[in-house]
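Chain letters run A, B, ... following the sequence lines, proteins first and then strands; every chain starts at 1.
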Amino acid sequence: MNTTNDPKTILDPAQALDDRFCDAIRAVAPDLPESQVKAHIGPSRQPKLGDFQSNCAMPIAKQIGMKPRELAAKIVEAIDVSGIAQPLTEESIAGPGFINVSLLQEALGTALDAMDSDQLGISVPADPKTIIVDVCGVNLAKQMHVGHLRSTVIGDAIARIQERLGHEVKRQSHVGDWGLPIAMVVEQLSVMEAEGTDISKVSLAELNTIYKRAQAKCKAETRALEIIKKVGGHVKAEIELSERIADAEAAMEKSKSRLVALQSGDADSVRIWQLIYDITMTACLATCKRLHANITDEHSAGESTYRDELAPLVQDLIDRNIAVEDDGALVVRCEGIKEPTIIRKRDGGFLYATTDLAAIKRRVGKLGGDEVVYCVDSRQSLHFKQVFAAAHKAGYDKTASGSDATLVHAMFGTILGEDNKPLKSRSGENLNLSDLLDEAVMRASASVAEKNPEMPQDERDAISEAVAMAAVKYADLSTERIKDYAFRFDTMLAFEGDTGPYMLYAIARIKNMLRKAEEKGVDLNAAADAPFSLNEPAERAMALMVLRYPSILSAAGSSHEPHRLCGYLYELASLFAKFYEQCPVLKEGVEASQRDGRLRLSMLALRVLEDSCKTLGIPTVDRM
RNA sequence: GCCCCGAUAGCUCAGCUGGAUAGAGCAGCGGACUUCUAAUCCGCAGGUCGUAGGUUCGAAUCCUACUCGGGGUGCCA
């Protein structure tokens, strides 16, 4: 195995061809501005015609007023592809001016050699950035529901991709741990404690119930009363409702004063708040761990941590005339956005925009973020548009080097049920995430048991768990994040086609092949240094796909779109399946040199498959 | 009203940022297992890329308008 990681030793054929084509373009069209010198190299659309194609002739011909095919002919004549590809001729030109290129087998082998390194051809960036990724964002006293699945799974994948590309990543979970709703729960628990309940023993599920009860208790049904008065309902109903409203108003008052106590650091309130915090976070972080999302306590940066930063921030904006009063509220107006950003309510309270501004200030200023990526529901797009603009106006997005940090809302769509409506439980409530995962594991377990009746229970359980998480995560990651998608157990766990289990199966098959090889006494270390076997179309196709890994990862990174990596993973896994059918490795009659060459190709594909899964946060298994 | 997002095969989705005859998976039909793991592979069939214009050698992709669906829209988060 090649252990060097010097970019110069890595011969990416696409890159090498790009260079050669650019040289040829410069020779043929010397007056063309350098910015227009582009080779447009990509994998061939029609594998029969070659491995790569250049689409450069058409746009450049237009630019310099020449016929595309004529220009293509000149490029083909001028280009030197020796050592990389078969010589180009008139025959290489097709259609309006596509230039088809077939790689030399030696060049393909050399490229694979170079890729077969620790880093799999991914070089350290020249300018590593610090990238903040806003993930997860749970709320105190609430269980994680399906809504948190995507911000956790996609957010973590976005973070992992950046880490894999060599950037410094700091995850931030913007926990909803502050404000009136939490104060309501604190108030409730305080009452329960006074009545003799041992509140240190409550579970998150119970807290969730208490949260809902507290909400309901404080909700005044003033509109209902207005309606009854208008229509002239029963006097008795009117009185009852009035009483209920009075109760709600009283409860609200208590909650509000509890909030004041909490904010001013009242010891008893803070003690109860901390209890709620610990119960919630213990459960939620356990779910993150179960989802193989690298989100831990150190990534939690709740709204409460900004509480002392809000007033000074608002004062700063007032002092610099960035925020102005409007109808009693304090707002920031930004060019191009009609809706002003409200940062202080008429009653003096702050809003989530205020906290998010403080978060940007901290993330860029203190944490040194060159880029801040928010993996949050698309429904918040206006909010982030406002907050980003306001932060820019205030200069809170200025990095230490004086440039503006890139603020990105990597939004995602809603998870729908079979009925194409947002996924809810039968009673219309948000679906609990742990329950959903449990069901996925249960269903996976049935299939695993069916396929492996002999397997010991504990191994079967471990595999079912991994398969289920892979299935759920892959389903969530593999479509464009901006789109809504329907959550279907049957589809994601079907183990057929473009699913998580299919990827795991490809990996398990290669691992099984390697185990079998060792059983047969094949020296895998020797195979790891053997020349790649590249004669069969299936071998070449897989090899070419392996080589695309770095560029795919880079594209997934710059767009913050993990689904691109999923698409690649599926293509590579299915090319392996074809290779596996068509190219025997350990079967009788395969010569040792070919066997080793195919083993090496399989081992490299395995490493790319595993690296892709790891970069997406998808667990893998050794057998299934 | 205004703003944002989506629309591709019967269903679920890709389409590498403007390139060749638009691709997969399910479902349907027909093949391949005393297996290097058939949780697989091969073949067939299936499309007016929401509609109408525009930009150009070339548009699912870019621009405009419209239709349908979803979401948001000043003091919740």
Side-chain angles (χ1 to χ4, degrees), chain A residues 40 42-46 49 53 55 58-59 61-62 67-68 94-98 100 137 139 174 176 179-181 303 326-331 337-347 349-353 355-356 377-383 385 411 413-414 416 420-422 447-448 450-452 467 475 478-480 482-486 488 490-491 494-499 501-502 504-506 508-517 520 548 551-552 555-556 559 563-564 566-568 570-571 574 577-578 580-588 590 595 598-599 602 623-624:
Chain A
H40 290 104
S44 180
R45 291 272 169 179
Q46 305 191 4
L49 301 177
Q53 67 182 59
N55 302 336
M58 287 80 78
K62 185 172 153 190
K67 285 184 179 169
F98 300 105
N100 293 307
N139 297 303
H174 199 74
L180 192 59
E303 292 174 339
D326 189 333
D327 198 19
L330 194 67
V331 305
I337 304 174
K338 206 177 71 181
E339 299 86 346
T341 314
I342 303 175
I343 59 168
R344 195 180 64 196
K345 294 190 283 185
R346 193 189 299 210
D347 69 5
F350 301 129
L351 299 100
Y352 71 140
T355 313
D356 270 328
D377 196 295
S378 65
R379 278 174 292 201
Q380 309 231 6
S381 68
L382 174 60
H383 166 70
K385 200 169 146 192
M411 61 179 114
T414 309
L416 308 174
N420 276 347
K421 287 181 185 158
S447 305
V448 173
E450 188 192 323
K451 301 285 177 191
N452 309 281
V467 167
S478 60
T479 60
E480 262 184 300
I482 199 162
K483 290 185 181 166
D484 297 346
Y485 80 95
R488 294 192 173 90
D490 292 340
T491 313
F495 300 165
E496 281 152 2
D498 191 5
T499 65
Y502 181 85
L504 266 46
Y505 183 58
R509 280 172 119 185
I510 302 179
K511 290 197 164 185
N512 190 59
M513 191 167 89
L514 298 179
R515 274 194 302 270
K516 274 267 158 61
K520 285 192 164 192
R548 290 179 62 188
S551 70
I552 295 288
S559 59
H563 85 281
R564 293 180 187 234
C566 290
Y568 172 81
Y570 178 59
E571 284 188 89
S574 83
K578 291 186 199 343
Y580 190 82
E581 296 287 331
Q582 289 162 29
C583 303
V585 181
L586 302 173
K587 285 182 179 170
E588 291 302 313
V590 180
R595 179 199 66 201
R598 286 178 174 170
L599 276 172
S602 303
R623 67 182 88 224
M624 63 188 282

Next on the checklist: Given a 3.5 Å cut-off on both pairing distances, which stems involving RNA chain B, each at least three consecutive Watson-Crick or G-U pairs, are present, if any?
Outcome noted: B:1-7 with B:67-73, B:10-13 with B:23-26, B:28-32 with B:40-44, B:50-54 with B:62-66
Next on the checklist: If you compare every side-chain N and O of A:H383 against the phosphate oxygens of B:C76 (OP1, OP2), does one of them come in below 4.0 Å?
Outcome noted: no
Checklist entry - Which of these nucleotides, B:G72, B:C75, B:C13, is closest to any side-chain atom of A:D327? => result B:C75
Next on the checklist: Is it the case that the base of B:C36 and the side chain of A:R509 share a donor-acceptor contact (distance under 3.5 Å, atom types as modelled)?
Outcome noted: no
Checklist entry - Judged by modelled atom types alone, do A:N512 and A:R509 share a side-chain donor-acceptor pair under 3.5 Å? => result no
Checklist entry - Rounded to the nearest Å, what distance is computed from the CD1 atom of residue A:I342 to the P atom of nucleotide B:G72? => result 17 Å
Checklist entry - For A:K62 and B:C57, is the shortest distance between a side-chain N/O and OP1 or OP2 below 4.0 Å? => result no
Checklist entry - Can you give one letter per nucleotide of nucleotides 19-32 of chain B, 5' to 3': B if a protein heavy atom sits under 4.0 Å from the base, S if only from the sugar-phosphate, - if neither? => result BB---SSS------
Item to check | Euclidean distance, atom CG of residue A:L514 to atom P of B:U37 [Å, nearest integer] | outcome: 11 Å
Item to check | Phosphate-side-chain proximity, A:K345 and B:C76, N/O vs OP1/OP2 below 4.0 Å | outcome: yes
Checklist entry - When we call it a touch if two heavy atoms are under 4.0 Å apart, what does A:A508 touch: a base, just sugar-phosphate, or nothing? => result base
Next on the checklist: Does A:M624 reach a base, just sugar-phosphate, or nothing at all? Heavy atoms under 4.0 Å.
Outcome noted: base
Checklist entry - Can you find a donor-acceptor N/O pair under 3.5 angstrom joining the side chain of A:Y505 to the base of B:A39? => result no
Checklist entry - Does the side chain of A:K338 get closer than 4.0 angstrom to OP1 or OP2 of B:G1 through an N or O atom? => result no
Next on the checklist: For a quick check of understanding: with a heavy-atom distance under 4.0 Å over all strands, which category does A:Q582 fall into, base, sugar-phosphate or nothing?
Outcome noted: nothing
Next on the checklist: Between P on B:G70 and CD on A:Q380, what's the gap in Å once rounded to a whole number?
Outcome noted: 20 Å
Item to check | B:A14 phosphate, OP1 or OP2, under 4.0 Å from A:K483 side-chain N/O | outcome: yes
Item to check | A:K516 side-chain N/O to B:U37 phosphate OP1/OP2 under 4.0 Å | outcome: yes
Next on the checklist: Using a heavy-atom cut-off of 4.0 Å across all strands, would you classify A:R346 as base, sugar-phosphate, or nothing?
Outcome noted: base
Checklist entry - B:A9 and B:C4: how far apart are their C1' atoms, nearest whole angstrom? => result 29 Å
Item to check | A:Y580 side chain near B:U37 phosphate (N/O to OP1/OP2, under 4.0 Å) | outcome: yes
Next on the checklist: Please classify the glycosidic conformation of B:U67 as syn (within 90° of 0) or anti (everything else).
Outcome noted: anti
Checklist entry - Counting any heavy atom closer than 4.0 Å, what does A:C583 reach on the DNA or RNA strands: base, sugar-phosphate only, or nothing? => result base
Next on the checklist: How many whole angstroms separate atom NE2 of A:H40 from atom P of B:C16?
Outcome noted: 13 Å
Checklist entry - Could one point to a donor on the side chain of A:D326 or the base of B:G74 with an acceptor on the other under 3.5 Å away? => result yes
Checklist outcome for this item: note: A:D490, atom CG; B:C11, atom C1'; distance rounded to Å ~ 13 Å
Next on the checklist: Base, sugar-phosphate or nothing for A:V590? Non-hydrogen atoms, less than 4.0 Å.
Outcome noted: nothing
